[in-house]
Undergrad: 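Quick one: the structure is below, and I'll ask about it shortly.
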Number of protein chains: 2
Amino acid sequence: MSSIQKPLLKLYYDIGSPYSWVAFESLLRYEKMLNIQLELLPVSIGHIFKATKNIPNAMQMPQKANYFQKDLMLVGAYWGIPLQPSKDFKEEFVNNSTLNPPRFLTAVKLNAPEYLIKASREYWMKAWSRHEPFYGTDTIIEICKKLNIPEEKNLLETTQSADASNLLKERTNEVLKLGAFGLPWITLKRNISGNEEIFSFWGSDRLPIICNLLGKEFYGPLKENKI
Amino acid sequence: MSSIQKPLLKLYYDIGSPYSWVAFESLLRYEKMLNIQLELLPVSIGHIFKATKNIPNAMQMPQKANYFQKDLMLVGAYWGIPLQPSKDFKEEFVNNSTLNPPRFLTAVKLNAPEYLIKASREYWMKAWSRHEPFYGTDTIIEICKKLNIPEEKNLLETTQSADASNLLKERTNEVLKLGAFGLPWITLKRNISGNEEIFSFWGSDRLPIICNLLGKEFYGPLKENKI
């Protein structure tokens with residue numbers, strides 16, 4: 001029996017990127033209907049900004065900072081995601097090293113992949129809904145306890161290991177090579193009559209086009225498909 | 001007989017902004033179905049960039065320039081708009097004064113509003129589909145002749161008058177006051193139980209959310225509604 005290869009959709013994301021949360025939830029809701037293979041790949045947004053000399057929207061000019069606060073509320077309400085804009089983006093995100101979350105999520109993907117979705121969501125709830133500190137190792141232990149992830153000590157060790165660090169670097173370099181300058185970054189690989197095509201999308205607002213490329217309808221936020 | 005006030009949707013646009021073209025066509029296709037009053041307002045993107053110290057995406061970093069070339073093709077194909085990315089954005093747009101098109105469109109809106117849609121589209125075809133020069137007064141005469149706009153001499157005079165110039169400045173300042181830092185800029189004013197609400201949207205990818213706020217479905221590109 002030959003297996004039919006599904007189109008591969010990769011989502012590169014980081015907890016520090018609120019629109020990554022939107023892409024994450026919307027792709028999970030559409031995954032079955034689009035009949036795709038969805039791969040979730042934690043990367044480091046700090047490293048992407050450094051490598052491309054890009055600057056977060058909130059830090060570019062007051063107009064953008066102000067606009068994106070309101071836009072996040074509208075986008076969150078549309079998708080039914082409890083996004084709350086940051087009151088002090090610089091204090092919460094820029095002044096802190098935010099490498100622990102993607103390192104931990106890389107370790108989870110490596111050693112306990114069945115917890116990746118829930119662990120990512122716990123992080124976003126802290127970082128972009130309740131606006132609690134989320135970058136320390138204490139959050140890792142808290143998330144492990146809350147989700148009953150076994151072997152939390154092992155996971156913490158893996159998080160701090162060269163393996164997780166190298167894998168995170170590798171994946172971040174992979175998305176940089178694809179042309180990324182921000183997150184979320186989505187790639188769609190599809191095969192049409194033996195020809196492989198790769199499309200890249202920045203942001204969370206290209207789902208109607210992605211659906212269209214896959215020959216499917218876009219049905220809006222699909223709140224009933226929440227997982 | 002009392003008239004029921006329709007929600008007012010304003011589109012602030014300039015020919016130099018390719019995503020403005022997408023917003024323009026998509027809103028025209030959705031206008032009737034959304035049961036809105038649509039107002040098309042030419043403004044100057046050059047002035048917006050200067051006032052906010054914003055920089056066009058294509059000039060910020062090679063990664064963005066490269067990404068937006070591909071994105072324009074995908075977005076254009078999705079909406080059925082013959083967008084072609086610029087081969088040399090700096091040469092075509094940044095090195096030229098692009099004030100004539102919004103001044104002329106302001107004059108058209110003032111004196112021959114029934115030609116505003118077609119005249120805007122002729123400009124976009126030159127600037128973002130065929131990539132011909134579009135900023136000179138010769139283009140104004142060419143568009144008048146092609147569309148059989150009467151009194152082309154008067155229109156050319158109005159284009160160069162203080163009236164059109166001041167009105168353009170006024171509208172550009174209006175959108176700056178609304179928080180704009182780029183184009184297209186869309187505002188939606190709706191009345192819910194006597195309370196007036198205004199929402200602002202930057203870009204051409206918020207139509208599903210706009211439909212949702214108006215209690216309507218988003219039906220994709222609606223190519224059959226081309227006008």
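Worth saying up front: this structure is predicted, and the values here are computed from it rather than measured. Protein chains get the first letters and strands the later ones, always in sequence-line order, with residue 1 at the start of each.
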Undergrad: Could you give me the CA-CA distance, side-chain angles and deciding distance for A:Asp71 and B:Arg206, then say whether side-chain contact (heavy atoms from CB on, under 4.5 Å) is met?
TA: CA-CA 10 Å; A:Asp71 188 61; B:Arg206 292 293 181 264; 2.8 Å; yes

Undergrad: Checking A:Asn212 against chain B: side chain, backbone, both or neither under 4.5 Å from a heavy atom?
TA: side chain

Undergrad: Report which part of A:Phe201 has an atom under 4.5 Å of a heavy atom belonging to chain B: side chain, backbone, both, or neither.
TA: both

Undergrad: What is the distance from atom NZ of B:Lys53 to atom CD of A:Gln60, rounded to the nearest 0.5 Å?
TA: 14.5 Å

Undergrad: Can you name the closest pair of heavy atoms from A:Met61 and B:Thr52 and give their distance?
TA: SD-O, 3.8 Å

Undergrad: May I ask you to name which of A:Tyr219, A:Trp79, A:Trp185 has the most heavy-atom pairs under 4.5 Å with chain B?
TA: A:Trp185

Undergrad: Between B:Leu176 and chain A, which part of the residue has a heavy atom less than 4.5 Å away: side chain, backbone, both or neither?
TA: neither

Undergrad: Below 4.5 Å, heavy-atom pairs only: which of A:Pro208, A:Gly179, A:Gly203 has the largest tally toward chain B?
TA: A:Pro208

Undergrad: When you measure from the side chain of B:Tyr67 to the backbone of A:Trp202, do you find a donor-acceptor pair of N or O atoms at a distance under 3.5 Å?
TA: yes

Undergrad: Where does A:Lys70 contact chain B at under 4.5 Å (heavy atoms): side chain, backbone, both or neither?
TA: neither

Undergrad: Please give me the minimum heavy-atom distance between B:Ile209 and A:Val75, naming the atom from each residue.
TA: CD1-CG2, 3.7 Å

Undergrad: So which of A:Leu213, A:Asn66, A:Asn54 has the biggest tally of heavy-atom pairs under 4.5 Å with chain B?
TA: A:Asn54

Undergrad: Tell me if the NZ atom of A:Lys90 is crowded by more than 12 foreign heavy atoms within 6.0 Å.
TA: no

